[in-house]
Amino acid sequence: MNMTLTDIIMIVVSVFLLLIAFFAVHEKKLIKSVIFLSALSMLSVVSYVLMKAPDVALTEAVIGSGLVTSLFIFTLLSIQKKEDVQ
Amino acid sequence: MKKILAFILTMGLGALVIISLSNNEFFPEFGMADLTERVSIEYITKGSALDVIFNQTNNPESGPANIVTSIVIDYRSFDTLGEVTVLFISSLGIALLLGGAAIPKRLDLNFKPNFMLRVGSRALFSIIIMTGVYVISHGHLTPGGGFPGGTMIASAFLLLYLADDQFRAKIKGFKIMESIAGSLYVIIGLIGLILADQFLENFLPNGTVGVLISSGILPVVYILIGLKVGSEISGIIDHFLTEEEVL
């Protein structure tokens with residue numbers, strides 16, 4: 001069995017994707033879960049590029065790991081603020 | 001116990017998907033699909049029997065060098081209009097939920113931004129805007145286009161919101177730009193309906209594949225989509241970061 005460098009990178013990325021997805025679900029603190037979700041998006045960008053889908057990779061990099069993470073964090077911040085007031 | 005059960009269930013479902021796909025004749029191995037048997041070959045060769053050659057093919061059925069763009073904006077442009085509408089409705093919902101503050105007030109940051117952070121973020125802001133404009137205007141040549149480019153422009157505004165605790169974008173201008181861009185998209189579609197029989201039909205000449213000014217109305221439509229998406233998502237960010245002042 002001869003594996004190219006791309007295959008090895010693909011396997012490593014897939015294993016990390018599974019691990020990070022598990023951490024994102026299993027994490028007790030919400031903010032850490034959001035960060036794991038962002039890391040999951042970032043790694044899936046690598047896998048999209050390896051699977052020759054640069055359009056999807058670009059969109060995922062901007063939306064998945066940039067905007068969605070920030071919106072989640074803002075929501076968490078405002079929820080915490082409301083709890084502090086009460 | 002619950003966790004173990006969930007773990008076993010997830011693994012079982014994953015194994016089921018892998019097993020059912022690995023012995024399926026409709027699901028060939030990665031890179032082994034024979035495109036000549038499928039519809040997508042029509043999109044790749046753009047309706048002709050010849051191969052499309054970069055910088056040489058003149059006036060094909062659909063202009064862009066990027067196949068994804070030629071499907072999203074040319075062959076299936078009506079679907080993209082629906083997609084833009086979905087984004088508009090979601091931003092409308094956020095505006096109804098969060099934008100009704102009588103006295104709008106910016107969300108406070110937990111730290112005081114210093115001078116260096118503010119100046120550095122201004123410098124980075126221009127670079128991100130330039131990347132977004134590049135991605136939008138080269139949408140028919142390289143990967144990317146209106147949706148990712150518009151989101152890049154919005155994330156530049158997000159950077160300014162995060163790095164400066166006094167900054168507030170002029171949200172009214174965004175709303176005007178968004179409605180103008182959306183209306184122009186529909187108007188271009190109607191011009192296509194009048195000049196060339198079909199809604200959103202490409203009525204300009206396509207030109208040579210791979211040149212910046214080519215493929216008729218598609219760059220114009222992508223610039224409009226980029227402006228619309230950018231202003232919409234900037235508005236969403238502004239709504240998330242403003243709240244009603246608690247007196």
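Letters A, B, ... mirror the listed sequences (proteins, then strands); counts begin at 1. The shown structure was predicted, so the numbers you read here are calculated from the model rather than taken from an experiment.
- The 12-atom threshold is not exceeded at CZ of F16(A), counting heavy atoms of other residues, nucleotides or ligands nearer than 6.0 Å.
- The nearest pair of heavy atoms linking V62(A) to P148(B) is CG1-O, 4.1 Å.
- Within a 6.0 Å sphere centred on CD1 of I4(B), other residues, nucleotides and ligands contribute 12 heavy atoms or fewer.
- Atom CG of L71(A) is separated from atom CD1 of I94(B) by 7.0 Å, given to the nearest 0.5 angstrom.
- Interatomic distance, CG of L18(A) versus CE of M11(B), reported as 6.5 Å (0.5 Å rounding).
- Annotation: side chain of L67(A) is in contact with side chain of I237(B) (closest heavy-atom distance under 4.5 Å).
- When all heavy atoms of L58(A) and P143(B) are compared, the pair lying nearest together is CD2-O, 3.7 Å.
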Practice task
Mind running side-chain contact (heavy atoms from CB on, under 4.5 Å) on F74(A) and L162(B) for me, showing each step along the way?
Solution key: CA-CA 11 Å; F74(A) 294 151; L162(B) 286 182; 3.7 Å; yes
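- Considering CG of N66(B) and CG of D55(A), their distance stands at 5.0 Å, rounded to 0.5 Å.
- For F78(B), the CZ atom is loosely surrounded, since the number of other residues' heavy atoms within 6.0 Å does not exceed 12.
- A 6.0 Å sphere centred on CZ of R118(B) holds more than 12 heavy atoms belonging to other residues, nucleotides or ligands.
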